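Just so you know, ligand 1 is whichever comes first in the structure, and atom 1 is the first atom listed for that ligand. Owing to the predicted nature of the structure, the values given are computational and were not obtained by experimental measurement. Heads up: numbering here begins at 1 and tracks the sequence.
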Amino acid sequence: MIVEKIKKEIIEVFQKKYSYHQNVEYSNVDEVDLACPLFRISKLKNIKIEDIFDSIKSSLSNLKYIKNISYERGYANIKLDENLFSHDLFKLSLTKKIGQKDPNNKVVVIDFSSPNIAKRFSIGHVRSTVLGNSIKKIYELMGYKVIGVNHLGDWGTQFGKMIYALETYGSMNMLQNDPIKNLNKLYVKFHKEESKNPEILSYAKKIFNELENGNEKYLSIWKEIKKHSLVEFQKYYKLLNVDFDYFTGESFYNNKLNDVVERMKRLNILEKDQDANIVRLNDLPPALISKSDGSSLYITRDIAAAIYRSEEFKADKLLYVVGNEQSLHFKQLQRVLNKMNENIEIVHINFGLVMQNGKKMSTRTGDVQTLDYVLNEAIHMAKNSIEQKNPKLSDKEKVAEKIAMSAIVYNDLKNEKHLNIDFNLANMLKFEGQTGPYLQYTSVRMSSLLQKIDSNLVLEMNTIIDKSVFKLGLHISRIDEAIEKAYSENQPSIISRFAFELAQIFNSWYGNSKIITDNLEKTKSNLSVVYASKKTLDLCLKILGIEILNEM
Ligand code: ARG
């Protein structure tokens, strides 16, 4: 929007005069809006800093929206014309679409959430789900075609163990109610028995090997386990309002693994090492491709999946939203693909742990806190605050659910993704501060202002309102830039911070001004400001995956 145009024109002035790409920064000092640091250009061109300033001063002053230019300690400081800028920006906002770029004809596949069947959906999988969902939206806005894949962990030796335990210590009807809890118990039991009786591991391996070779009985048990797990996972996806284009888990690649191994043999990159086949990777630990009995491994299935995605979807890039702890795995994956002469770009979008009271948060069975417990607790707390703040609200249950999810989503996205985050429901659910509910609440406040007017009233930007809307306008005009930055850094936290700042600037304007006045012209202008603010905030909420409410 306007500010980008201004920046472009400033850059052009420098370009013309010095063939130099000047950096233009934002300033949070009151009387300065934009600032150009002149140190680098001065050094590069060997011209005194003050002389550079003098030489561009008048050209910059002539640009539209620039009110004055001043020099201070190596910077050219720029003050914009607040009235003209605000007027044009809010006027433009009434009609201009924001955020969406034209299609760029590129395809990315994003692999996110990807929980393991027969296990609990962990709080880390929630983070992958929420981050992936947001990054998917950011890429879509940037003009990509985005394919969302849930790479379920539904294959591997653990199913040999599970089936062995089910047959030896349990029975099929353990799958009828709370199957995941029962399967987890069996899994724990297996490991206990294994410590006394190590040969059961070889039975489990044999079962998995037979499963990979299509044993009907084992396949039908495995299908049953998968079915029950998916029912449970869908419950979380529905709550979080997230969907996928494909649920192609690891098992999907079973019939593509032979090809991978054969190609590696032909390329002479597969080596025998003790009882396994490996690909050596110089400075990284070797990638384990298959065991002596022929069984595949996690990375083997990822290699097949990457090749499949790049061929089937003609993907330009493959994104993987997976925790920090798998960075070696994705480095190895990229390197193996390179060795196979595959021109595939892997991007590991890594993230940190969720911590509670200083420890890694765990939502496993056996602990008191299952994910269900945590989610229900969040909904319950949200409902309590509705009871206090707005007891007459209709459909409290649904609204509470949406507030609770926004609290969790925002908490997952508010910090840079690679950092560990703290999980404290009471803080996350506050209606003020950096929380999802605060943003939802601000959006509701904006809607109720807009609803106060007659629906036939056409908004117009007429008079210039007070000075404080300028800051709001300047912030709003940076939305496209924020989306681009979030895209180039795969960092939804840029949007969450942007939205929080927007809400704060808006609320301070709202707190200090009368928006609906006796003067119709002024009211229309004020509401144009509200309209632009809401449009921008709601776009941010959509990007973050936070539901927009009409009332709360
Ligand atoms: N199922 C894995 C886990 O829970 C995550 C899978 C991530 N995706 C992938 N293509 N490896 O740790």
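- Near F330, the atoms of ligand 1 lying under 4.0 angstrom from a non-hydrogen atom of the residue are 11 (N).
- At a threshold of 4.0 Å, the pair R497-E501 does not count as salt-bridged, since none of the basic side-chain nitrogens sits closer than that to a carboxylate oxygen.
- Under a 4.0 angstrom heavy-atom cut-off, R301 registers as lying outside contact with ligand 1.
- Electrostatic pairing of E167 and K217 counts as a salt bridge here, judged by a charged N lying under 4.0 Å from a carboxylate O.
- Protein heavy atom at the shortest distance from atom 1 (N) of ligand 1 is N116 OD1, 2.7 Å.
- The pair E387-K396 counts as a salt bridge, with a side-chain nitrogen and a carboxylate oxygen less than 4.0 angstrom apart.
- Of all the atoms in ligand 1, the ones that sit under 4.0 Å from a non-hydrogen atom of H125 are 3 (C), 4 (O).
- Under the 6.0 Å cut-off for aromatic ring centres, F233 and F244 do not qualify, their centroids lying 6.0 Å or more apart.
- When hydrogens are left out, the protein atom nearest atom 12 (O) of ligand 1 is Q326 NE2, 2.9 Å; that is the closest non-hydrogen contact.
- Listed by atom number, the atoms of ligand 1 under 4.0 Å from Y320 heavy atoms are 10 (N).
- Contact check on K226 versus D154 returns a salt bridge, with a Lys/Arg side-chain nitrogen under 4.0 Å from an Asp/Glu carboxylate oxygen.
- The proximity of F112 to ligand 1, defined as any non-hydrogen pair under 4.0 Å, does not occur for either the backbone or the side chain.
- Geometrically, ligand 1 and R309 share no nitrogen or oxygen pair separated by less than 3.5 Å.
- K256 and E311 are not joined by a salt bridge, as no carboxylate oxygen comes within less than 4.0 angstrom of a charged side-chain nitrogen.
- Relative to the ring axis of F500, K414 does not place its NZ or CZ within 45° and under 6.0 Å from the centre.
- The residues D293 and K206 are annotated as not salt-bridged, no charged nitrogen and carboxylate oxygen being separated by less than 4.0 angstrom.
- Taking a cut-off of under 4.0 Å to the non-hydrogen atoms of Y298, the atoms of ligand 1 that pass are 2 (C), 5 (C), 6 (C), 7 (C), 9 (C), 11 (N).
- Of the N or O atoms in E250, none lie within a sub-3.5 Å distance of an N or O in ligand 1.
- For D111, a nitrogen or oxygen atom sits less than 3.5 Å from a nitrogen or oxygen atom of ligand 1, counting backbone and side chain alike.
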